[in-house]
Undergrad: 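To start, I am sharing the structure in question, which I have written as structure tokens.
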Amino acid sequence: MDGLDSISRQNKENLFYSEDVMLNQASVFKRKTIYFLEKFTDEAGENSELILLVNDLCNVKDIKVEEDFYADYIVYYFHSYPYEMFNYQIKKRKFNLKIIQSEVFSSGLLER
């Protein structure tokens with residue numbers, strides 16, 4: 001996340017899109033997030049509140065736009081946005097990870 005944040009600010013660009021083309025970095029971000037969520041769920045065991053929090057803060061599932069219409073997470077949050085909005089979303093994700101880290105420490109999950 002720090003790398004995405006830094007490169008985006010340095011190059012002043014949305015690293016997930018160039019014009020209307022989704023870049024590889026977007027797929028990597030989504031794939032790594034899904035992997036993180038799966039591993040976290042496995043490690044958290046019976047701590048359903050923590051699992052719900054992590055899923056609420058980090059999921060990359062499609063976004064329900066209308067009754068029968070869903071938009072891809074990356075398209076919904078990153079398509080056609082200037083780098084400032086991209087950077088805001090990355091900073092928000094970094095902040096959410098800090099919240100998760102704090103909750104993991106508070107829950108004693110690391111003691112297992």
Side-chain angles (χ1 to χ4, degrees):
M1 297 307 300
D2 288 333
L4 289 173
D5 183 15
S6 177
I7 294 169
S8 172
R9 281 186 292 115
Q10 184 178 25
N11 296 343
K12 297 186 181 202
E13 64 185 8
N14 178 337
L15 301 179
F16 289 174
Y17 273 92
S18 176
E19 304 282 327
D20 283 338
V21 177
M22 185 185 295
L23 303 175
N24 184 55
Q25 196 69 332
S27 299
V28 170
F29 170 81
K30 192 169 183 177
R31 189 173 56 249
K32 285 184 175 184
T33 301
I34 291 168
Y35 178 77
F36 166 76
L37 291 171
E38 290 170 352
K39 292 299 267 180
F40 187 88
T41 300
D42 290 345
E43 293 296 321
E46 298 296 318
N47 196 332
S48 60
E49 288 182 23
L50 191 54
I51 292 170
L52 285 173
L53 174 69
V54 170
N55 278 300
D56 283 346
L57 295 177
C58 292
N59 86 60
V60 289
K61 293 180 182 174
D62 292 348
I63 308 298
K64 186 174 185 176
V65 178
E66 294 179 12
E67 186 59 36
D68 293 324
F69 180 72
Y70 291 81
D72 178 82
Y73 177 89
I74 299 292
V75 172
Y76 188 83
Y77 283 107
F78 296 99
H79 184 267
S80 299
Y81 288 142
Y83 89 94
E84 294 92 350
M85 188 62 182
F86 172 86
N87 198 257
Y88 168 79
Q89 291 292 349
I90 296 302
K91 286 185 183 313
K92 182 176 151 189
R93 180 60 60 116
K94 285 172 53 176
F95 180 75
N96 288 346
L97 290 172
K98 293 288 186 186
I99 291 170
I100 292 166
Q101 183 180 34
S102 175
E103 290 297 320
V104 166
F105 288 137
S106 296
S107 73
L109 184 62
L110 294 178
E111 296 171 6
R112 297 197 295 126

Undergrad: Hey, what do you get for OH (Tyr17) to CG (Leu23), rounding to the nearest 0.5 Å?
TA: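 Interatomic distance, Tyr17 OH to Leu23 CG, rounded to 0.5 Å: 9.0 Å.
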Undergrad: Working to the nearest 0.5 Å, report the span between CG of Leu15 and CD1 of Ile90.
TA: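 That separation rounds to 7.5 Å.
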Undergrad: Measuring from atom CE of Met1 to atom CG of Asn96, what distance do you get when rounded to the nearest 0.5 angstrom?
TA: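 CG of Asn96 is found 9.0 Å from CE of Met1.
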Undergrad: Check whether any side-chain N or O of Asn59 sits under 3.5 Å from a backbone N or O of Asn55 as a donor-acceptor pair, and report yes or no.
TA: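 A pair under 3.5 Å: yes.
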Undergrad: For Lys94, I'd like to know if atom NZ has over 12 heavy atoms of other residues, nucleotides or ligands within 6.0 Å.
TA: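 Enclosed.
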Undergrad: Holding to ring-ring contact (aromatic ring centres under 6.0 Å, His included), I want the full list of residues that pass it with Phe78, two or more places apart in sequence or in another chain.
TA: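 For Phe78 the ring-ring contact (aromatic ring centres under 6.0 Å, His included) partners, ignoring immediate neighbours, are Phe16, Phe86.
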Undergrad: Can you check whether Asp5's main-chain N or O pairs, donor with acceptor, with Asn87's side chain at less than 3.5 Å?
TA: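 Present.
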Undergrad: Can Val104 and Phe40 be said to form a side-chain contact (heavy atoms from CB on, under 4.5 Å), step by step?
TA: CA-CA 10 Å; Val104 166; Phe40 187 88; 3.6 Å; yes
Undergrad: Closer than 3.5 angstrom, by distance alone: can the side chain of Ser8 be matched with the main-chain N or O of Glu13 as a donor-acceptor pair?
TA: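 Answer holds: yes.
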Undergrad: Does a donor on one side chain sit under 3.5 Å from an acceptor on the other, for Asp20 and His79?
TA: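 A donor-acceptor contact under 3.5 Å links the two side chains.
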Undergrad: With a 4.5 Å cut-off on side-chain heavy-atom distances among I, L, V, M, F, W and Y, is there a chain of contacts connecting Ile63 to Ile34?
TA: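 Same hydrophobic cluster.
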Undergrad: With sequence neighbours left out, what residues match Val65 under side chain to side chain contact (heavy atoms under 4.5 Å, CB included)?
TA: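 For Val65, the residues satisfying side chain to side chain contact (heavy atoms under 4.5 Å, CB included) (neighbours in sequence not counted) are Phe69, Ala71, Tyr76.
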Undergrad: Should Tyr83 and Ile74 be regarded as members of a common hydrophobic cluster, given that ILVMFWY residues are connected when their side-chain heavy atoms come within less than 4.5 Å of each other, either directly or indirectly?
TA: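 Hydrophobic grouping puts Tyr83 apart from Ile74.
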Undergrad: Before you tell me yes or no, could you show the steps for Glu46 and Ile51 under side-chain contact (heavy atoms from CB on, under 4.5 Å), namely the whole-Å CA-CA distance, both residues' side-chain angles and the distance that decides it to 0.1 Å?
TA: CA-CA 9 Å; Glu46 298 296 318; Ile51 292 170; over 6 Å; no
Undergrad: Could you grab the distance from atom CD1 of Ile99 to atom CG of Asp56, nearest 0.5 Å is fine?
TA: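 CG of Asp56 is found 11.5 Å from CD1 of Ile99.
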Undergrad: So which atom in Leu50 and which in Glu103 form the shortest heavy-atom distance, rounded to 0.1 Å?
TA: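 What the structure gives for the nearest pair is CD1-CB, 3.5 Å.
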Undergrad: Return yes if some donor-acceptor pair links the side-chain N/O of Thr33 with the main-chain N/O of Phe29 below 3.5 Å, else return no.
TA: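 Checking the backbone N and O of Phe29 against the side chain of Thr33, a donor-acceptor pair under 3.5 Å is found.
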Undergrad: Would you check, one step at a time, whether the test side-chain contact (heavy atoms from CB on, under 4.5 Å) holds for Cys58 with Leu97?
TA: CA-CA 8 Å; Cys58 292; Leu97 290 172; 4.0 Å; yes
Undergrad: What's the separation between atom CG in Leu57 and atom CZ in Phe95, rounded to the nearest 0.5 Å?
TA: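 CZ of Phe95 is found 9.5 Å from CG of Leu57.
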Undergrad: Are the side chains of Lys91 and Arg9 in touch, meaning some heavy atoms are under 4.5 Å apart?
TA: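 A side-chain contact exists here, since the closest heavy-atom pair is under 4.5 Å.
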Undergrad: Atom NZ of residue position Lys61 - does it have more than 12 heavy atoms of other residues, nucleotides or ligands inside 6.0 Å?
TA: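 No, not enclosed.
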Undergrad: Is a donor on one side and an acceptor on the other found under 3.5 Å between the side chain of Asn14 and the backbone of Tyr81?
TA: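 Indeed, once roles are kept as given, a pair shorter than 3.5 Å links the two residues.
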Undergrad: Hey, is the main chain of Leu37 close enough, under 3.5 Å, to the side chain of Thr41 for a donor-acceptor pair?
TA: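 Yes, Thr41 side chain to Leu37 backbone: donor-acceptor pair under 3.5 Å.
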Undergrad: What is the distance from atom NZ of Lys92 to atom CE of Met85, rounded to the nearest 0.5 Å?
TA: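 One finds 7.5 Å between NZ of Lys92 and CE of Met85.
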